[in-house]
2 protein chains.
Amino acid sequence: MSIDRRSGCPINLSLEVFGDRWSLIILRDMIFGGRRHFRELLNGSLEGIASNILADRLKRLMELGLLTKADDPSHKQKAIYSLTEMAITLVPIMAQLGAWGRVWLPVTEELSIRAELLEKGGPPLWEQFMDELRHEHLGAPSKTAPGTPTVRQQLRAAYEEVVARKAEAVTA
Amino acid sequence: MSIDRRSGCPINLSLEVFGDRWSLIILRDMIFGGRRHFRELLNGSLEGIASNILADRLKRLMELGLLTKADDPSHKQKAIYSLTEMAITLVPIMAQLGAWGRVWLPVTEELSIRAELLEKGGPPLWEQFMDELRHEHLGAPSKTAPGTPTVRQQLRAAYEEVVARKAEAVTA
DNA sequence: GCAACTGATTGCAAAATGCAATCGGATAGG
DNA sequence: CCTATCCGATTGCATTTTGCAATCAGTTGC
């Protein structure tokens, strides 16, 4: 279940980590959607991942060092998945991927607004977002001044604004 | 052979384009290795792609608009594959992917020196590289001042320097 | 006690992958 | 010419991966 190491090329090795159709989707939902539980990932996924694939990928991502698993104190069967630093530093890749897809592929407006915001914010915004993720997932001290909205809140607000505007356009 | 469109999310759509183990490898060899012919891609690949997979992916990448094919005037059977603007704008993604892999994965020094150079050069270097690719593949006018080494030459020189140094370390 | 929910696992069919052999046409050397 | 080599693929076939549906045993709330 570890990587093949077809070559020592960094692009190849990166591809061996998430060169499949689901690994990055799961990480996307954890990073941007804030999902931490198996069911959240299973039911919340727009793309409809199957439970066995999800289980397999979570296991694989743990073995590769991108995720850790811990018991949820509120429920003896619940597991909480956390991003590691290795996964948190994927934010710039996600941002570039989103920016590229937004230009060249048939994205929907409400789903691409977040990519747009992340692109406009550039590396400083990515850094802030990564700090928030470190706080959330690794227990690191938060560097952002209290009172300022989190990046995820900003992304969510932008998304909901588009959805509301589109709904209004329909009913108007 | 087109993409599924499981959702309109830009990250998902990008993943449907090159969320497999070979598409990005082929594009990497074309972008960084300057390969344009079937055989070059087949034999030059470090990872050892099979000919049927290569043929399949080239066809797919053409259908998706990332590559074009033209006859080679020097040989009636040879085909020259060219990158489109869509593929050329993958350079920042490749750079980020390489930078991430270099940090977190067991890369070899000689193969990661290019990623390091590309990371250090940042967006300005990426832009210069994309301009060179546009010149090479799309016939666009070259913007770089004559006499300055091309980015690919710089990458190649850095690679060969590492190889030479390592060879010396062995024989010394 | 029982229905709903937790993170998974199993069986199975379909699709993708990887390998080896091969194709018909084009070219280069003698 | 003739033959060896190279050209971009294609085919057949065994293996692996994928995706779906059903199911699991333990936990919780009522």
Side-chain angles (χ1 to χ4, degrees), chain A residues 1-7 12 15-26 29-30 33 35-64 67-83, chain B residues 1-7 12 15-27 29-30 33 35-64 67-82:
Chain A
M1 187 64 77
S2 73
I3 61 181
D4 281 1
R5 304 208 192 176
R6 302 181 293 189
S7 84
N12 171 59
L15 230 52
E16 292 186 17
V17 170
F18 36 69
D20 74 278
R21 292 171 99 62
W22 292 111
S23 298
L24 261 194
I25 293 288
I26 293 168
D29 285 348
M30 289 189 68
R35 302 195 222 287
R36 309 288 296 264
H37 299 291
F38 191 94
R39 290 285 154 168
E40 287 178 328
L41 289 162
L42 186 64
N43 301 324
S45 155
L46 280 171
E47 289 83 12
I49 190 170
S51 66
N52 57 342
I53 312 250
L54 176 58
D56 180 81
R57 291 305 189 281
L58 287 173
K59 193 172 117 194
R60 187 180 133 90
L61 290 171
M62 282 192 288
E63 286 171 1
L64 291 172
L67 298 180
T68 56
K69 184 163 80 164
D71 292 339
D72 185 332
S74 78
H75 188 305
K76 286 191 180 170
Q77 259 183 334
K78 271 190 180 172
I80 301 184
Y81 292 92
S82 297
L83 301 168
Chain B
M1 188 64 79
S2 73
I3 61 181
D4 282 359
R5 304 208 193 174
R6 301 181 294 188
S7 84
N12 171 59
L15 231 53
E16 291 186 17
V17 170
F18 36 69
D20 75 277
R21 293 172 99 65
W22 291 112
S23 299
L24 262 193
I25 293 288
I26 294 168
L27 291 166
D29 284 347
M30 290 189 68
R35 302 193 222 286
R36 309 288 296 265
H37 299 290
F38 190 93
R39 288 285 153 169
E40 287 177 328
L41 289 163
L42 186 64
N43 301 325
S45 154
L46 281 171
E47 289 84 12
I49 190 170
S51 67
N52 57 343
I53 312 253
L54 176 58
D56 179 80
R57 290 306 188 282
L58 286 172
K59 194 172 116 196
R60 186 180 134 91
L61 289 171
M62 283 192 288
E63 286 171 0
L64 291 172
L67 297 180
T68 56
K69 184 162 81 164
D71 292 340
D72 185 333
S74 78
H75 188 307
K76 286 191 180 171
Q77 260 183 334
K78 271 190 180 172
I80 300 184
Y81 292 92
S82 297

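Small disclaimer: the values here were computed from a predicted structure and weren't measured. Here is the naming used below: chain letters follow the sequence lines, and residue numbers restart at 1 for every chain.
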Identify which nucleotide among D:dT27, C:dA20, D:dG19 has an atom closest to any side-chain atom of B:S51, counting heavy atoms from C-beta outward.
-> C:dA20
Whole-Å gap separating P (C:dA26) and CZ (B:F38) = 18 Å
Enter the distance from B:S23:OG to B:I53:CD1 here, rounded to the nearest 0.5 Å.
-> 10.0 Å
Charged N-O contact under 4.0 Å between B:D20 and B:R57 = yes
Heavy atoms of B:S7 and B:E16 approach each other most closely as N-OE2, 4.4 Å
Between A:R6 and A:H37, which is nearer to the 5' end of DNA chain C once each is assigned its nearest nucleotide?
-> A:H37
Which of D:dG8, C:dG11, C:dG18 is nearest the side chain of B:A50? It is C:dG18
Ranking D:dG19, C:dG7, C:dT9 by distance to the side chain of A:R21, first place goes to D:dG19
Rounded to whole angstroms, how far apart are CG on B:D72 and P on C:dA26?
-> 14 Å
Nearest whole angstrom, please: distance from the C1' of D:dC7 to the CG of B:N43.
-> 11 Å
Separation of A:R36 CZ from A:K69 NZ (nearest 0.5 Å) | 14.0 Å
Nearest-nucleotide check on DNA chain D, A:H75 vs A:G48; residue mapping nearer the 5' end is A:G48
Separation of A:D20 atom CG from D:dT16 atom P, in whole Å?
-> 18 Å
Quick one: the side chain of A:Q77 and the base of C:dG7, do they pair up donor-acceptor inside 3.5 Å?
-> no
Is it the case that more than 12 heavy atoms not belonging to B:N43 sit under 6.0 Å from its CG atom?
-> yes
Take the protein atom CD1 of B:I53 and the nucleotide atom P of C:dA15, then report the distance between them rounded to whole Å.
-> 17 Å
Nearest nucleotide by nearest heavy atom, which residue falls closer to the 5' end of DNA chain D, A:R39 or A:W22?
-> A:W22
Out of D:dG8, C:dT9, D:dT18, which has the shortest distance to the side chain of B:A79?
-> D:dG8
Separation of C:dC5 C1' from A:K76 NZ (nearest whole Å) | 17 Å
Tell me: CG of A:L42 to C1' of D:dA22, nearest whole Å?
-> 14 Å
Could you state the CG-C1' distance from B:D56 to C:dA16, rounded to the nearest angstrom?
-> 9 Å
